[in-house]
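One is the number of the first residue; the rest follow in order along the sequence. What you see is a predicted model; the values in this text were computed from it and never measured. Remember, it's 1-based here, ligands and their atoms both numbered in the order they're listed.
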Amino acid sequence: MTAHPLDPLTAEEIAAAAAAIKSHGGLDDSAWIETISLNEPSKAALAAGTAERQAYICSYEPSSNCTFNGIVRLADGSLEDWGHVPGVQARIVPDEFAAVDELIRAHPEFQAACRARGIEDMSNMLVESWGAGHFGIEDEEGRRLAYCHCWVGNEAGDNPYARPIANLHPVVDLATYELIRIEDFGAVPLPPDPGPMNRTEHLRDDVKPLDIIQPEGPSFEVDGFKVRWQNWHVRIGYDLREALVLHEIGYEHGGEIRPIIHRASMAEMVVPYGDPRGGNFRRNAFDTGEYGLGQAVDSLALGCDCLGHIHYFDVSSHDWQGAPRLIKNAVCMHEEDYGILWKFQNGRAGTSRVVRSRRLVISSLCTIGNYIYGFYWYFYQDGTIGVEVKATGIPFPSAIAPGESSPYGAVVGPGIESHVHQHVFSFRFDMAVDGPNNAVREVNFEPAPVSEHNPHAAAINIVETKLKTETSAQRTLDMSRARYWKIVNPEKHNAYGKNTAYKLSPGNNSLPILPADSPTGKRGAFMYKHFWATQFAATEKYPAGMYPNQDPGSDGLAEWTKADRSLEGEDVVVWYTLNFHHLPRPEDYPVQPVVYADFHWMPDGFFDENPAMDVPPGKR
Ligand code: NI
């Protein structure tokens, strides 16, 4: 089968791209591969049918401490724009993580530091190499660094994070594999063994089966990575950094597929932690740009608790030698019953109509160290698109001495504290509402003064503002005005003379607590606005820049938007920041029940009436 231009790279394509770099990339034997991912074709090439298969590739050469990137044309293995990218550091890849873990556990200096804490068994230990961030510390400039956090696993062997070793941080040069130093801020007693994570005793016995039966099969149709369901059309994609990507989201209406979003993804995230003590100020995980969520996608062959008829999509990742690695069942798709879609009852006539809602769920889970993020995309029968993050796993555990209280967190278990933090996600939407040229509107609702026309102060003024350029389109939520944003097609009109539109309907959100001029605030400048809009540029993919690892904040949304490009009748990209604030509770430990954070894209004059009036009632 010939791949569609937007299909994820196949294992063969990944291997071919790796071979091309090894044979004529000009790098020495120390080099390894950070990323091989689809280089997506332009909209023009897609429309013209001239898109060719290309791989984006990024490589790191330890001997020179240099990062290289470019494009491999898969038809003939030739390289384009291949070269050194000065002053940047590639992501920290999983194989590097594993290599550092092994190196440090075998290091005599580290073993001595552990023995001083009464820890003898190095085999049941985990050393994680986190990004060092950028704090202007003198001997760190220009070096490729990892700042490590350490744990002793439980005796049952099913929880490597069971017993944190507080205040012990090996600092490693990742180019030379040298232990530069061990930062030791004082021993804290190792917490007691919490026992097995996978409990088998005292399980509740009153959970009766709940089966979802679809005797005629699912209502979706799948062709490769293309999906059609209840008028919705969407393509499943995958990126090594962003994980699940959706392409060409459109709704079939009046005999045509009306485009809405050309490309949608979670493009960056950061988790700033609020404990300034010892080495803990370093914990600010940019999980997408520093580590790569696509490489952390769970194979749901190991467990998926979705009910009903499930369709899985496999994707291919790779190791640092560029060898393809199949992620079986990386993306899960199924239908869910979602309660009432709409109801009308006429008591006088004694008639009623109630229609049940169903949604298509497309999701992926990413395990990134101790934590798990689920990214869920929902398509509803009324034209609404839901975007939801589900967070679970183990809230980052540190050790605390018995009887002490945690000034920057909470005691969540025996000898365990977990620090206050925020999970900040940046979702990127390359919009295409009814076509390529869109514009941005902000809607606010405001009280009006008492006047002759408003004698009882009942008026709510609807204030719609054009956000015409990038500097005007950097906005935060305002609950007092019930603020939201709309992407309109200025060339298209509905039956009522209004531009067809989709509105971004926010849900729970928060703002960063750390100051914008702090080291991490500068690196994550995207955090400080909930809504950004930019004019499309192919190179502007990740809101904290292409290379956030150890970057001071030199690239990304705040930099690009200084150009203040027009957004009126242009190819508009929307970036929505979703921030959920988290002070861990004892109930979040030893595993956190799923926390949800979401928002929606809703049609707003895109249709002339409720597009779900044709959904049949009854048990369907
Ligand atoms: Ni959390």
Aromatic Tyr273 / basic Arg283 pairing, under 6.0 angstrom, 45° off normal: yes
Tyr371 and His421 aromatic ring geometry - parallel, tilted or perpendicular at 30°/60° bounds: perpendicular
Donor + acceptor pair across side chains of Gln89, Tyr547 (<3.5 Å): no
Neighbouring protein N, O or S atoms of the Ni ion (ligand 1) [cut-off: under 2.8 Å, no waters]: Tyr371 OH, His421 NE2, His423 NE2, His582 ND1
Geometric class of the His149/Tyr147 ring pair [parallel <30°, tilted 30-60°, perpendicular >60°]: perpendicular
Which atom pairs, one a donor and one an acceptor, fall under 3.5 Å between side chains of residues 394-415 and the rest of the protein, sequence neighbours left out?
| unit_1 | atom_1 | unit_2 | atom_2 | d |
| --- | --- | --- | --- | --- |
| Ser406 | OG | Gly409 | N | 3.1 |
| Ser406 | OG | Glu417 | OE1 | 2.4 |

For Ser316, the option from Leu240, Ile36, Leu9, Leu326 that meets side-chain contact (heavy atoms from CB on, under 4.5 Å): Leu326
